[in-house]
Amino acid sequence: MLQRLERATVNVMAFKGRGGGLALSVGASIGAYWLIPRLPAFTRAHGEIALSLSTRVGPADFKAGTIDASLEFGDGQRAGLCCDFVAALDLAPYAAPTWVARHGTQIGAATPGSGLLHHHTLPDAWEQWFLAEQIDAAPGRTGPRFEIMSMALNAAVAGLGVVLLPDYMAEDMVQATRLVRLSSRTWRSPKGYYLVYPEESVQSPTLQTFRSWLLDSAQQR
């Protein structure tokens with residue numbers, strides 16, 4: 001609380017009540033591929049607010065008092081914290097044209113398990129995809145595993161295998177013909193992306209300005 005009070009005081013002194021600073025923790029993949037492309041619109045509308053972004057894997061820790069809010073993947077249930085739903089995670093399979101030339105466009109029992117790329121964001125994603133597609137096989141977890149989705153995306157681009165990704169991460173590579181989408185269908189994770197912040201920050205004008213913009217931006221697509 002003292003650290004938050006100190007930061008708020010510094011903001012008032014620096015911005016003279018016109019805005020302030022907002023320290024935001026963001027998941028690496030959604031930050032790079034979803035949030036940052038939208039930020040120019042925020043800065044044009046709210047140039048009085050200085051954003052400071054950092055990345056992390058997993059839920060943010062607010063105990064240190066170094067961040068004001070977090071855009072993170074989860075179930076929206078964090079004790080003592082406010083969790084506003086921002087976006088769902090819809091996944092579809094993508095692979096490089098060279099991989100498709102060797103293994104085809106159909107994902108199923110014949111797909112080698114070593115060619116299924118996994119990411120820690122959703123370690124059971126392939127199991128859920130096989131269930132949703134009613135594929136009578138177990139995908140296993142023998143394929144390469146990556147800590148974040150952007151690493152798995154780059155592995156797929158390199159021809160290492162097929163990966164489940166949201167379209168906002170894969171669309172540029174599809175347009176550049178470096179990835180091919182292998183199904184018109186998607187699978188939606190029961191978890192999603194939430195803006196998380198301490199309950200005592202509800203009254204922060206700077207945070208509420210960013211929150212309103214973020215939720216409105218998410219609804220536009």
TODO: Give a yes or no answer on whether the side chain of Gln208 reaches the backbone of Val202 with a donor-acceptor pair at less than 3.5 Å.
DONE: yes
- [ ] Check whether any side-chain heavy atom of Trp187 sits under 4.5 Å from a side-chain heavy atom of Leu164, and report yes or no.
- [x] no
- [ ] To the nearest 0.5 Å, tell me how far Phe210 CZ sits from Ser204 OG.
- [x] 12.0 Å
- [ ] Calculate, to the nearest 0.5 Å, the distance between atoms OG1 and CD belonging to Thr206 and Glu48 respectively.
- [x] 8.0 Å
Open item on the list: Checking the side chain of Gln128 only, and the main-chain atoms of Ser189 only, is there a donor and an acceptor separated by less than 3.5 Å?
Closed with: no
Task: Closest heavy-atom pair and its distance - Tyr197, Ala69 - done: CB-CB, 4.0 Å
Open item on the list: Pair Val174, Tyr94 - check side-chain contact (heavy atoms from CB on, under 4.5 Å), show working.
Closed with: CA-CA 9 Å; Val174 171; Tyr94 295 87; 3.7 Å; yes
Task: Crowding at CZ, Arg145 (>12 non-hydrogen neighbours, <6.0 Å) - done: no
Open item on the list: As an exercise, state the distance from NE2 of His103 to OG1 of Thr98, rounded to the nearest 0.5 Å.
Closed with: 9.0 Å
TODO: Can you measure from CD (Glu171) to CZ (Arg181) and round to the nearest 0.5 angstrom?
DONE: 10.5 Å
Task: Any Arg141 side-chain heavy atom under 4.5 Å of Pro123 side chain - done: yes
TODO: Give a yes or no on whether Arg56 atom CZ has more than 12 heavy-atom contacts from other residues, nucleotides or ligands under 6.0 Å away.
DONE: yes
- [ ] Provide the closest heavy-atom pair for Met149 versus Pro166 in the form atom of the first, atom of the second, distance.
- [x] SD-CD, 3.9 Å
- [ ] Kindly give the heavy-atom pair with the smallest separation between Pro139 and Leu116, and that separation in Å.
- [x] CB-CD1, 3.6 Å
Open item on the list: Assigning hydrophobic clusters by single linkage (Ile, Leu, Val, Met, Phe, Trp, Tyr; side-chain heavy-atom cutoff under 4.5 Å), is Leu131 placed with Leu89?
Closed with: no
Open item on the list: Angle between ring planes, Trp126 versus Phe130, binned at 30° and 60°: parallel, tilted or perpendicular?
Closed with: perpendicular
- [ ] Report the C-alpha separation of Leu165 and Tyr33 in whole Å, then their side-chain angles, then the decisive distance to 0.1 Å, and conclude whether the side-chain contact (heavy atoms from CB on, under 4.5 Å) test is met.
- [x] CA-CA 11 Å; Leu165 294 171; Tyr33 292 90; over 6 Å; no
Task: Evaluation steps, side-chain contact (heavy atoms from CB on, under 4.5 Å), between Glu133 and Arg185 - done: CA-CA 9 Å; Glu133 292 293 285; Arg185 287 182 283 192; 3.1 Å; yes
Task: Over-ring placement of Arg38 relative to Trp34, 6.0 Å and 45° cut-offs - done: yes
Task: Pair Asp90-Arg188, salt bridge (Lys or Arg N to Asp or Glu O under 4.0 Å): steps then yes or no - done: CA-CA 4 Å; Asp90 295 322; Arg188 174 164 292 186; 2.6 Å; yes
Task: Heavy-atom side-chain contact between Leu22 and Leu207 under 4.5 Å - done: yes
Open item on the list: Any heavy-atom pair between the side chains of Val163 and Phe146 that's under 4.5 Å?
Closed with: no
Open item on the list: Walk me through whether Thr105 and Val180 qualify under side-chain contact (heavy atoms from CB on, under 4.5 Å).
Closed with: CA-CA 9 Å; Thr105 60; Val180 177; 5.5 Å; no
- [ ] Taking Thr111 for its side chain and Gly108 for its backbone only, find out whether a donor-acceptor pair lies under 3.5 Å.
- [x] yes
Task: Connected via hydrophobic side-chain network under 4.5 Å: Leu39 and Leu195 - done: yes
- [ ] Could you tell me whether the side chain of Arg211 and the main chain of Leu214 form a donor-acceptor pair under 3.5 Å?
- [x] no
Task: Closest non-hydrogen atom pair between Leu160 and Pro144, with its separation - done: CD2-CG, 4.0 Å
Task: Student check: side-chain heavy atoms of Phe73 and Leu122 closer than 4.5 Å - done: yes
Task: Donor-acceptor contact present, side-chain Asp68 to main-chain Ala23, <3.5 Å - done: yes
- [ ] Determine whether more than 12 heavy atoms belonging to other residues, nucleotides or ligands lie under 6.0 Å from atom CD of Gln106.
- [x] no
Task: Least distance between heavy atoms, Met169 atom then Leu153 atom - done: O-CD1, 3.2 Å
Task: N/O donor-acceptor pair under 3.5 Å between Trp129 side chain and Ala92 backbone - done: no
TODO: Look up atom CG in Leu24 and atom OG in Ser54, then write down how far apart they are to the nearest 0.5 Å.
DONE: 7.5 Å
- [ ] Spell out, yes or no, whether Leu215 and Trp213 are grouped together once hydrophobic residues are joined by side-chain heavy atoms under 4.5 Å, including indirect joins.
- [x] yes
TODO: Return the minimal non-hydrogen interatomic distance between Ala156 and Leu117, and the atom names on each side.
DONE: N-CD1, 3.6 Å
Open item on the list: For Ser150, is there any backbone N or O sitting under 3.5 Å from a side-chain donor or acceptor partner on His119?
Closed with: no
